[in-house]
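Sequence lines set the chain letters: A, B, ... in the order given, protein chains first and strands last, and positions in each chain run from 1.
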Amino acid sequence: MSVAVLEAEGLHTYYGGAHILSDLSLSLRDGEVVVLLGRNGAGKTTTMKSIMGLVRVRAGSVTMHGRNITGWEPHVIACAGVGYVPEDRRIFSDLTIMENLEVGRQPAREGAPTWTPERLFELFPNLAEMRSRPGGRISGGEQQMLTLARTLMGNPRVLLLDEPSEGLAPVIIDQMAATIQALKEQGLSILLSEQNLHFATSVSDRAYIIEKGRIRYDGTMEELAANAEVRNTYLTV
Amino acid sequence: MGDFIVTLLTGLSSAAALFLVASGLSIIFGVTRIVNFAHGSFYMLGSYIGVTMVTALGSGGIAYWLALLIAAVAVGVIGVAMEVLLLRRVYQAPELFQLIATFGVILVIQDVTLWIWGPEDIVGPRAPGLSGAVTIFGEKLPEYDLVLIAVSPVVLIGLWLLFNRTRWGTLVRAATLDRQMVAALGVNQRWLFTGVLFLGSALAGLGGAIQLPKGGADLLMDFNIIAAAFVVVVVGGMGSIGGAFLAAMLIGLLQTFGIQIFPNSTLILMFLVMAVVLIFRPWGLLGKPESPGHGPVEAPEAPLRPANRKLRIIGSGVLAFLLMLPVAHLLLPSIIGDFTLVLVVEIMIYVLFAAALHFIMGPGGLVSFGHAAFFGGGAYAAALMVKFTDAPMEIAFWVAPIGAALLAILFGWFCVRLTGVYFAMLTLAFAQIAWAIMFQDAPASVAKALGEWFGWTAVEQITAGDDGILGIWPAEWASSRVTYYYLTVGLVVAGLLVLRRILFAPFGYTLRAGRDSPLRAAAIGIDLKQHQWIAFTISGAFAGLAGALFVYSKGSVFPTSMEIARSFDALLMVLLGGVHSLVGPIVGAATFTWLNDIFNELSYWRFLLGATIIALVLLLPNGLVSLGDTSVGRRLGLGPGREALA
């Protein structure tokens with residue numbers, strides 16, 4: 001078993017007085033795709049933001065390759081090789097697709113694939129045809145692809161994908177799954193959050209189930225597939 | 001024909017400085033979301049530093065342009081210093097609080113400039129080789145004007161290239177849209193912010209330096225340009241440099257042509273154009289609606305709560321003190337002199353004014369940059385009533401709030417359609433229209449024109465412009481200092497209680513609901529705009545009442561009661577005190593008026609006041625009433641902090 005690329009240990013996060021994450025621990029090993037499953041409001045996005053330094057963690061630690069990155073500023077965490085793809089996409093709507101990619105650009109990184117716009121356009125052929133179109137004038141699916149491409153321009157080693165399938169048409173979801181597979185083959189370690197169990201199963205090695213800010217279950221996708229009780233308790237709506 | 005073309009060209013040349021300042025303001029706002037009130041001060045510094053550099057470098061052709069460039073860079077560096085030393089520490093504070101920091105900078109720069117360059121106006125140096133004139137269709141145009149005409153488009157193109165053809169520019173545009181996402185992509189925002197402050201400030205500095213041969217340098221430049229620059233930014237559209245260019249040209253032309261047609265109304269004209277543009281295009285010529293944005297999520301505001309017991313006891317104590325003060329004055333006139341009563345009356349008047357502004361700003365969530373319009377409006381309504389009808393004071397005290405309320409109904413109709421910084425800017429513009437009407441005595445001009453038309457003999461002057469309206473004294477029964485003191489305390493306390501009552505009535509809840517979530521409020525059937533309009537009117541009426549108390553305490557009223565500085569003072573009082581609590585504006589107004597009074601005795605009082613403001617901003621980012629929240633405050637047992645203060 002390989003070492004943990006990213007490890008969260010006993011995270012506690014609050015919004016004002018509301019306790020959102022409570023003693024949350026998870027780990028992501030090298031080359032793995034791990035999914036964080038849970039219903040709306042379970043704390044998936046907050047987990048992502050806590051790792052990325054976008055919300056302040058009150059207790060606990062986040063380490064990357066054994067180095068403590070808790071409390072670092074988001075841009076420092078990004079420069080350390082963590083790529084974040086937010087749930088709500090957050091495309092720079094007035095900037096063209098090429099400019100959106102430019103914002104994400106960072107120098108090549110050892111131990112991570114190096115991306116150029118041309119290489120990304122091979123991965124996302126749709127985007128290639130609209131390089132100079134403003135990001136606000138493309139479809140939701142294309143925006144989701146652009147968000148991912150923009151983050152990849154930073155040549156990350158670890159990818160945080162927050163609900164990549166949300167709001168996408170089934171055919172685009174299949175495309176997204178293929179993309180995640182391709183990225184895994186390139187050597188990226190990926191932590192994604194999902195509600196879509198079918199999609200998650202098709203791409204992930206392991207799963208954590210989160211409910212009310214706590215990890216309730218962890219196991220391989222096979223184990224989860226065999227455990228109907230856990231699925232019914234935490235995942236069915 | 002020649003006349004027309006030369007006027008046209010003069011207008012375009014006069015737009016250069018305006019465009020440079022406005023584009024800098026716009027760029028800084030776009031990225032940092034800070035309305036940099038100190039931008040006019042940077043423009044002024046550009047002029048003064050420019051003069052010094054031109055003198056130092058001698059009069060050679062290249063030396064002159066080098067001197068201007070050095071002035072621009074120097075001002076850019078000053079802007080960076082402000083960012084690094086001050087703004088960077090308050091980015092996490094509520095957006096409005098950052099405004100106060102820039103107020104402090106205005107005051108400090110005013111006195112530093114006075115100290116270094118002295119009080120006299122400085123005549124600008126001539127540009128070497130360009131001091132002649134060219135002849136166009138038989139009319140003369142200074143050669144330097146041609147340079148100024150060329151500057152704006154050159155800078156516009158340069159900025160366009162910078163923002164659209166460089167990585168830095170792309171990052172800046174991205175940060176304008178979503179700062180947090182840019183950070184999450186690995187960009188250190190600090191460098192962007194610092195760079196933007198440099199660029200924006202340097203543009204203002206260049207604007208100040210380049211206009212030297214035409215305008216020279218003086219100590220009033222800062223406030224004179226800032227109002228016009230705001231107009232340009234708002235008319236053009238916040239954050240749009242192309243819009244700022246168009247608007248600057250429009251305003252420049254308007255002023256040169258306007259001065260020929262309406263020589264006494266150029267100021268009014270500028271603000272009228274702004275009002276007209278915003279009626280048809282609320283976000284300016286080339287602007288876009290404010291995006292909800294993904295800034296740092298502010299913690300939800302703690303609900304206002306009725307005062308706790310401790311605060312009630314303190315409040316009763318203060319009231320008892322106020323009521324006993326004249327008694328002490330009569331018993332011990334050597335210790336509690338006339339002057340103390342006068343100061344307390346002034347404090348009480350500003351307490352009411354600040355509370356009225358807080359009403360719309362805090363619970364209403366609409367920040368007015370021009371509330372002096374209603375304060376001065378009330379004062380003028382009372383004074384004009386007395387001047388033309390000899391009305392008794394009792395009537396005037398009714399006329400003032402009603403007059404101010406009518407003004408607020410009119411201005412509010414336009415303003416509440418907008419939100420955020422657009423609302424703020426539009427209130428400023430309307431306040432400036434009101435100020436200009438009083439200052440240039442527009443009613444008298446209208447009366448004169450009508451008089452000529454119909455063959456009447458019209459009155460010579462109505463508001464009498466700068467001379468003001470004099471001789472407005474209280475009625476016989478209230479003419480003693482002590483009686484007027486009690487009258488003021490009584491009316492102010494009553495006013496505060498009424499405002500407080502409204503805030504804890506369903507109307508107040510609705511207002512706050514609309515502030516916290518306009519969409520949800522609309523979804524449950526609240527007509528938010530109408531509530532805001534009413535709140536704006538109530539706020540205006542109480543500001544007008546404060547104005548009436550003011551005019552009778554001074555015996556006179558001048559256009560200064562409506563000027564920008566007065567509006568800014570009120571903003572400062574509310575923000576310094578703390579916008580999140582009802583006690584805030586009261587504490588803020590009292591502290592500010594008292595500090596102002598102490599510092600006024602000293603030379604360089606602006607510097608001291610500015611430095612005090614900056615220190616308060618850095619130490620107490622939630623206002624004076626948050627003193628109890630600090631560790632020192634807690635140790636001193638100062639108390640429960642802002643949450644409980646209402």
Could you give me the CA-CA distance, side-chain angles and deciding distance for S50(A) and T13(A), then say whether side-chain hydrogen bond (donor to acceptor under 3.5 Å, both in side chains) is met? CA-CA 7 Å; S50(A) 299; T13(A) 302; 3.1 Å; yes

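How far CD1 of I97(A) is from CZ of F92(A): 13.5 Å, rounded to the nearest 0.5 Å. Between the CG atom of D88(A) and the CD atom of E166(A) there is a distance of 8.5 Å, given to the nearest 0.5 Å.
Scanning residues 52-61 of chain A against chain B with a 4.5 Å non-hydrogen threshold yields M52(A), L54(A), sorted by number.
Here the closest non-hydrogen pair linking I51(A) and I77(A) is O-CD1, 3.6 Å.
Ring geometry for H19(A) versus Y14(A): interplanar angle under 30°, hence parallel rather than tilted (30 to 60°).
Checked for salt-bridge contact, E99(A) and R173(B) meet the test: a charged N lies under 4.0 Å from a carboxylate O. A salt bridge is absent between R165(B) and E102(A); no separation between the charged side-chain nitrogens and carboxylate oxygens falls under 4.0 Å.
Ranked by non-hydrogen atom pairs under 4.5 Å with chain A, the options V182(B), L171(B), L185(B) are led by L185(B).
At a 4.5 Å heavy-atom cutoff, the contact between Q106(A) and chain B is made by side-chain atoms alone.
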